[in-house]
Amino acid sequence: MDCKKNAEMSIFCKIRRRDVSFWWDNWTVLGALANIVLGGRTSKNTKVQEFIHEGAWMRDKLMGKVSESTVNTIQKIKINVDKRDYPIWLLEKTGEFTCKSAWQNLRRKGCGTFTSSRIWHKQIPFKISFFMLRLLQARIPTDDVVNMVTSRCSCCTKHEEESINHLFTCNEIARHVWNYFCNVCAVKFSQGHVRHVLMNWWIAKANNEVHSTLLQCVPSVVCWDIWKSRCAAMFENKKMSAWHIIQKFLIL
């Protein structure tokens, strides 16, 4: 019901033939008049047309229902009987209803973080942003997370134990991939925890708007391509290759 009330406040009814509810439709930009009147009957069947005679507002009748200031507001509303009443969605410049604007108005926004502002971007596909969220929460199924008894990393010849940091930043293939893109985008690469590598990109000073977009988006796509290559090696027996990962990125 709270959502319904909030949505109704964003709907303005343009008076034409006056076939709207006097008390419960928002036709005065004051909201539903029933919400600002103390006591009295506020029937949903009461129509605006009952307070209009020969194209003019019936002031005396209005004064018996609402305050004088509200009556003054009502009398400023022009009446046009040649057209139908129609609703206007106040949250859009066009006046047309959209689910996006309704959702933005009704949803409860949490406190944003720097990390979340980096992984969510209009140029990054949703699946990659969601993957990055799980990666940073250590919730992707690498061997160390799922507690594999025997773990052999698919990304290096030594077949070391697979972990998030080893897979995404510490092995030879990952280092080669990161070094390539760090050189292209003028970012210093320091091997270590995956969060540190990502943070180096996100806090780097951008030279222009395009460079800024690259600094934000490239790390997520690189991590995504490393993960896809790892899965292909593990489940499809395809050998991981740094150059193959780089090529997949460049053809996006």
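Small disclaimer: the values here were computed from a predicted structure and weren't measured.
Residues Trp103 and Trp120 fall into different hydrophobic clusters, defined by Ile, Leu, Val, Met, Phe, Trp and Tyr side chains chained together at heavy-atom separations under 4.5 Å. With hydrophobic clusters built from ILVMFWY side chains whose heavy atoms lie under 4.5 angstrom apart, Phe126 shares a cluster with Val218. Hydrophobic clustering (ILVMFWY, side-chain heavy atoms < 4.5 Å, transitive): Met58 and Val71 are in distinct clusters. Taken together through direct or relayed side-chain contacts under 4.5 Å among Ile, Leu, Val, Met, Phe, Trp and Tyr, Val210 and Leu250 form part of one hydrophobic cluster.
Residues forming a ring pair (Phe, Tyr, Trp, His ring centres under 6.0 Å) with Phe181 (at least two apart in sequence, or on another chain): Phe249. Residues meeting the ring pair (Phe, Tyr, Trp, His ring centres under 6.0 Å) test with His193, sequence neighbours left out: His196. Arg59 is linked by a salt bridge (Lys or Arg N to Asp or Glu O under 4.0 Å) to Glu68, counting only residues two or more places apart in sequence or in another chain. The side chain to side chain contact (heavy atoms under 4.5 Å, CB included) search around Arg175 returns Glu172, Asn179, Phe189, Gln191, not counting sequence neighbours. Every side chain to side chain contact (heavy atoms under 4.5 Å, CB included) that Thr94 has, sequence neighbours left out, goes to Glu92, Glu96.
Atoms CG and CG, from Leu215 and Asn207 in turn, are 8.0 Å apart once rounded to the nearest 0.5 Å. The structure places CG of Asn183 at 13.0 Å from NZ of Lys188, a figure rounded to the nearest 0.5 Å. The line from CD1 of Ile173 to CZ of Arg230 is 13.0 Å long, rounded to the nearest 0.5 Å. Separating the NZ atom in Lys122 from the SG atom in Cys217 is a distance of 10.0 Å, to the nearest 0.5 Å. Leu135 contributes atom CG, which lies 12.0 Å from atom OG of Ser129 (distance to the nearest 0.5 angstrom). The OG atom of Ser163 sits 7.0 Å away from atom CD of Glu161, with the distance rounded to the nearest 0.5 Å.
The aromatic rings of Trp227 and Phe168 lie parallel to each other, with less than 30° between the two planes, well short of the 60° mark.
In terms of modelled atom types and a separation under 3.5 Å, the side chain of Asn165 and the main chain of Val194 share a donor-acceptor contact. Counting only distance, with no hydrogens or angles, the side chain of Gln216 and the backbone of Arg118 share a donor-acceptor pair below 3.5 Å. Side-chain N or O atoms of His211 include one that pairs as donor or acceptor with a backbone N or O of Cys185 at under 3.5 Å. When atom types are taken as modelled, the side chain of Ser229 and the backbone of Ile226 share no donor-acceptor pair closer than 3.5 angstrom. Between the side chain of Arg134 and the backbone N or O of Arg139 there is at least one donor-acceptor pair closer than 3.5 Å. A distance-only check finds no donor-acceptor pair linking the side chain of Ser212 to the backbone of Asn208 [under 3.5 Å]. Between the side chain of Thr169 and the backbone N or O of Gly192, at least one donor-acceptor pair lies under 3.5 Å.
Contact check for Cys182 versus Trp201: side-chain heavy atoms found under the 4.5 Å cut-off. Here the side chains of Pro219 and Trp178 are in contact, with some heavy-atom distance below 4.5 Å. Residues Ile119 and Ile124 fail the side-chain proximity criterion, which asks for heavy atoms closer than 4.5 Å. Side-chain contact check for Ser190 versus Asn200: some heavy-atom pair is nearer than 4.5 Å. Between Met132 and Cys223, some side-chain heavy-atom pair lies under the 4.5 Å cut-off. Under the 4.5 Å side-chain criterion, counting only non-hydrogen atoms from C-beta, Phe131 is not in contact with Lys228.
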Would you be so kind as to tabulate the donor-acceptor pairs closer than 3.5 Å made by side chains of residues 231-245, with sequence neighbours excluded?
| residue | atom | partner | partner atom | Å |
| --- | --- | --- | --- | --- |
| Glu236 | OE1 | Lys238 | NZ | 3.2 |
| Ser241 | OG | Trp243 | N | 3.4 |
| Ser241 | OG | His244 | N | 3.3 |

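In terms of heavy atoms, Leu167 sits closest to Ala174 at O-CB, 3.6 Å. Scanning both residues, Leu198 and Leu136, for their nearest heavy atoms gives CD1-CD2, 3.6 Å.
For Thr113 and Thr115, the side-chain atoms include no donor-acceptor pair closer than 3.5 Å.
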(request) Could you go through the side-chain hydrogen bond (donor to acceptor under 3.5 Å, both in side chains) check for Thr73 and Thr70 one step at a time? (result) CA-CA 5 Å; Thr73 300; Thr70 303; 6.0 Å; no

